[in-house]
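To start, the structure itself, in structure tokens.
By convention in this document, chain letters (A, B, ...) are assigned in the order of the sequence lines, proteins followed by strands, and residues within each chain are numbered from 1. Everything numeric here is computed off the predicted structure, so don't read it as measured data.
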Amino acid sequence: MSIQFPKAYQPKESESKWYEIWQKNNIYKSNEFSENEKYSILMPPPNVTGILHFGHVLNNTIQDIYIRFKRMSGYEVCWFSGIDHAGIATQSRVEKELAIQNISRYDLGREKFLEKVWEWKNTYGGIILKQLRLLGISADWSRTIFTMDANHSKAVIEVFIRLYEEGLIYKGKRIINWSPLAQTALSDEEVEFREVKEHLYTLRYKFPNSDKYLSVATVRPETIFGDVAVAVNPKDERYKDLIGKTVIVPLVGREVKIIGDDYADPTFGTGCVKITPAHDPNDFEIGLRHNLEQINTINPDGTLNELTGEYNNIERFKARKLILKKLEELDLVEKIESYTHNVGFSQRGGEAIEPYLSDQWFVKMKPLAEMALKPVQDGEIKFHPEHWIKTYTHWLSNVRDWCISRQLWWGHRIPIYYSKDGRIVAAHNEEEARIKLNLKNDEQITQDSDVLDTWFSSWLWPLTTMEWLKEENPNNKILEAFQPTDLLVTAPDIIFFWVARMIMANLKFKNIIPFKNVYFTSIIRDGKGRKLSKSLGNSPDPINIIEKYGADAVRFTMIYLSPLGADVKMDVNVQDQDIPSMEIGRNFANKIWNAGRFLLMKIEELEVNDLNNDAILNDNELSISDKWIMSRYNSTLESTKNYLDKFKLNEYSKSIYDFIWRDYCDWYLEILKIQLNSSTDNSYKIKLLNFAIKLYQDIIMLLHPIMPFITEEIWHLLGNKDENESISLSLLPEVNYQLINQEYENKFELIQLLVEEFRRLRAGANIPINNKLPIIIKSNKQEIIDLLKEMQIIIKSFAKASSIEINPENVINDNSIKSVIREIELFIITEGSIDVEKEIERLNKEILRLENNITGCQKKLSNEKFVNNASPEIVNNEREKLQSMQESLIKTKENLAKIRK
RNA sequence: GGGCGAGUAGCUCAGUUGGUCUAGAGCACCUGCCUUACAAGCAGGGGGUCGGGGGUUCGACUCCCUCCUCGCCCA
């Protein structure tokens, strides 16, 4: 046994061993033709460049718990997985590598560059899916897809064409969010706003042929080259007469009009605002209203362009300083104030976004948003926690059009073709485009050079994972079987990027909701409440943590610490790159392990040969403890299911944890020892042990979804199972409601209270553990006397008593420590003298407590309004409570009197 | 500026339609134990005016109002 069952659980070997066996036997492969009820989950596809972090760990553990739980509940489950091609992230990764060799993507050209990206993807991409296996994820890996796969691309193109032809996709010249680093447009969702301390500069715009000037406030003096007007509020008394006049843009020398527009806020700055339509979204709108020119003065890489003269090719922020210096020299700066405002930054590159005027492709969102709103508001799609519905609704009600074109090469190329004479068509390929445009083979045709936003492909995830439009699968049974999926587990930060858009796409193209439930995971933070991040160094590699504590421990701890809707805080030891909180799970695993060790030891001790024999205890052979633990087990099984249904994952883990540790190990196994020791009937002992083991095996099954490895290991060790069988394919027992028995739970609880009181008395009197003393228990209720008699061996053992007497005839030795619990009197007969002072103090304290409670209780009951208004149950309860406390008080006072005597 | 969420023990959190005896648990802390499953353990202990104020009610951690503090999202 010692080899199989070492003293402490060793997760490492067992984890790699079992995952390999699971893979080898393909046990997580799903079957769309199964007759069983289906349960499916779509794994949020990690980026192809991604590596495992704790967000993934939490997210995938949650999914795996549901998948395993449902699988063990008889469902045909399927967990769809895959990887996202992640346009910007992947392209910049490969570009960075090329840069080391001093090669740019333009040196290679589009085709060669894409070859490089594929090469990179095939070598390094998708590591994370291998890492997830270390966590014990039971996805159906055979269905893994990649968002650049032919079938997925086909769906993306198809969807683009349909939307274009329906008029829901259009091209427009707009101010978009430009990433100077990636040199592409970004959607609004890819921009993060942060508060930045900058300066508000008040500049002097002189009137023509005059020394008088208008003071204009701006935070971006480097954009003055694009100024085409100055706006004032038409209601602003100070300036309204100036509307129609002109001023000279400093440094530039251009004469521009003063216009009146409500946008100008009289309370902000000087009340005069410069208008630069090409470099600010608000100015752009004003420009349209007033028919102003749009002068672009910035290059795609964030440097100023040739229109800025000496500042040509100078980086925008550097240029700001230089321009300011020049303006100061010319005495055109009136004042500089510090100013805090929100600035957009690229979520990926981190650089400040440049509002940029360019031709881009957009999706009209209004009609799609309306479609997507309904199922969430109707409750057809449920969010957990619910309050995300509000955020979702708010966003969809105010949604703006989605900029989907990206000036990248890696991605799905926009299926738009242009003829030489300026006609535009959307087509699946060049050939089709020629036909649609009526062009001959030798006539020139060009495809749009942009690619689509990665999310324009991700929103089809529920469809493409299930082989939508795949030619080889025309009668698609997968979609039929598994859609709508049951659960989506995702971080709330992609609620707009992804969740909302999947709902739109599914309804638009398949007229079905993609999922029934969405669970929004919490954000993982360190002990100081900071997000885990590489730059802070507070983000240890989960792989190392799994290596140290075991995958089961990591899974369990994460769930145990993650309440629904609240952030997870884990202590991170930055120096050691360690997460000490993981001890919770590791210690728990060890506890479970040792319970198994104990049982196996007993098997050997009793020389039980056949574990699965029919030696089962009859109902009348079961003790109160046996019935109690069965009741507790079934209650736990029930609450486990309830908690999972309500998505209260941490409650789920806590109920299992408490049941196993407190009920089964601390109490039941200790009682089992006593029950085994006090019997001489070998066949009873074997039956009793069998009972305990059977229960333990059921517990192991209950635990499997959250701790798959250790449970598989124990299931085999204790059950003598064949290596190719798996606990994850066995069925969880149903809740047996008949075994949930409040009466036994109450009885047992009383015994626990008595035992705890005996322990407290011993500890209080500093009685050493090996000093066994006689105990006496007195009660005047026959029911309790019977219970005590039935449980006396157990009480005696737990109370470290040399002997136990229940309601003895003879007078009790005054040389004893006494207490009263629920009218039951407890005595420990001490041989030597007791510390009288200490005893008096303790009893007085107890008397005071009882008196206080009695007073409170009496007050309540003498209040007519309470007796009349409160439910009879409550009032009755209160009366019983009062009576019980009064009796306890009398007995405690008697005890005190005896000591004093 | 608009919206959402949270404030309960030193820390992280439970507390289910308002009533269960002393508001619970884990970690941390203190005391005693290597008791033949487990020191990654066992037994016991200390520690909370439930963010402040007001209201509804016989009764409020729980419902309402208000203020304060913190976090997130949007503009």
_Could you tell me how far apart A/Asn398 (CG) and B/rG2 (C1') are, to the nearest whole angstrom?_
10 Å
_Determine whether the aromatic ring centres of residues A/Tyr657 and A/Phe556 are separated by less than 6.0 angstrom._
yes
*How many Å lie between CZ on A/Phe497 and C1' on B/rC73, as a whole number?*
13 Å
_Euclidean distance for C1', B/rA6 against B/rC13 (whole angstrom)_ = 12 Å
*Looking at B/rA37, does its base get a donor-acceptor pair with the side chain of A/Glu670 below 3.5 Å?*
yes
*Look at the side chain of A/Ser679 and the backbone N and O of A/Leu676, then say whether any donor-acceptor pair between them is shorter than 3.5 Å.*
no
*Counting only side-chain N and O atoms of A/Lys390, is one of them less than 4.0 Å from OP1 or OP2 of B/rC73?*
no
*Do A/Phe383 and A/Trp388 have ring centres separated by under 6.0 Å?*
no
*Rounded to the nearest angstrom, tell me the gap between atom CE in A/Met582 and atom P in B/rA40.*
19 Å
*asked:* Using whole Å, what does the distance between atom C1' of nucleotide B/rC73 and atom CG of A/Leu396 come to?
replied: 14 Å
_Under 4.0 angstrom between A/Trp661 side-chain N/O and B/rC42 OP1 or OP2_ = yes
*Hunt down the Watson-Crick or G-U wobble partner of B/rG24, both distances under 3.5 Å, from any strand shown, or write none.*
B/rC13
*Nearest whole angstrom, please: distance from the C1' of B/rA40 to the OH of A/Tyr549.*
11 Å
_For B/rU35, the Watson-Crick or wobble counterpart (both distances under 3.5 Å)_ = none
*Checking only heavy atoms, does the side chain of A/Lys673 share a donor-acceptor pair with the base of B/rA37 at less than 3.5 Å?*
yes
_Whole-Å distance separating the CZ atom of A/Phe588 from the C1' atom of B/rA40_ = 13 Å
*Measure from the side chain of A/Lys7, starting at C-beta and using heavy atoms only, and say which of B/rC21, B/rA39, B/rA37 lies closest.*
B/rA39
*Looking at the side chain of A/Arg759, which of B/rA25, B/rG41, B/rA43 is the nearest nucleotide?*
B/rA43
*Is any side-chain N or O of A/Lys591 closer than 4.0 Å to OP1 or OP2 of B/rC42?*
yes
*asked:* With a 6.0 Å cut-off on the ring centroids, do A/Phe798 and A/Trp667 count as close?
replied: yes
_Suppose we define a pair by two distances each less than 3.5 Å, Watson-Crick or G-U wobble; what does B/rC29 pair with here?_
B/rG45
_Side-chain N or O of A/Arg762 versus OP1/OP2 of B/rG44: is the shortest distance under 4.0 Å?_
no
*Counter-base of B/rC4, judged by Watson-Crick or G-U geometry with both distances under 3.5 Å*: B/rG71
*If you draw the axis of the six-membered ring of A/Phe659, does the NZ or CZ of A/Lys654 fall within 45° of it and under 6.0 Å from the ring centre?*
no
_d(CD1, A/Ile494; P, B/rC73) in whole Å_ = 14 Å
_As a test of reading the structure: which of B/rA43, B/rG44, B/rC38 is closest to the side chain of A/Asn594, going by heavy atoms?_
B/rC38
*In whole angstrom, what separates A/Arg400's CZ from B/rA75's P?*
6 Å
*Do other residues, nucleotides or ligands put more than 12 heavy atoms under 6.0 Å from A/Leu644 CG?*
yes
*asked:* Please name the nucleotide paired to B/rG19 by Watson-Crick or G-U wobble geometry with both distances under 3.5 Å, or report none.
replied: B/rC58
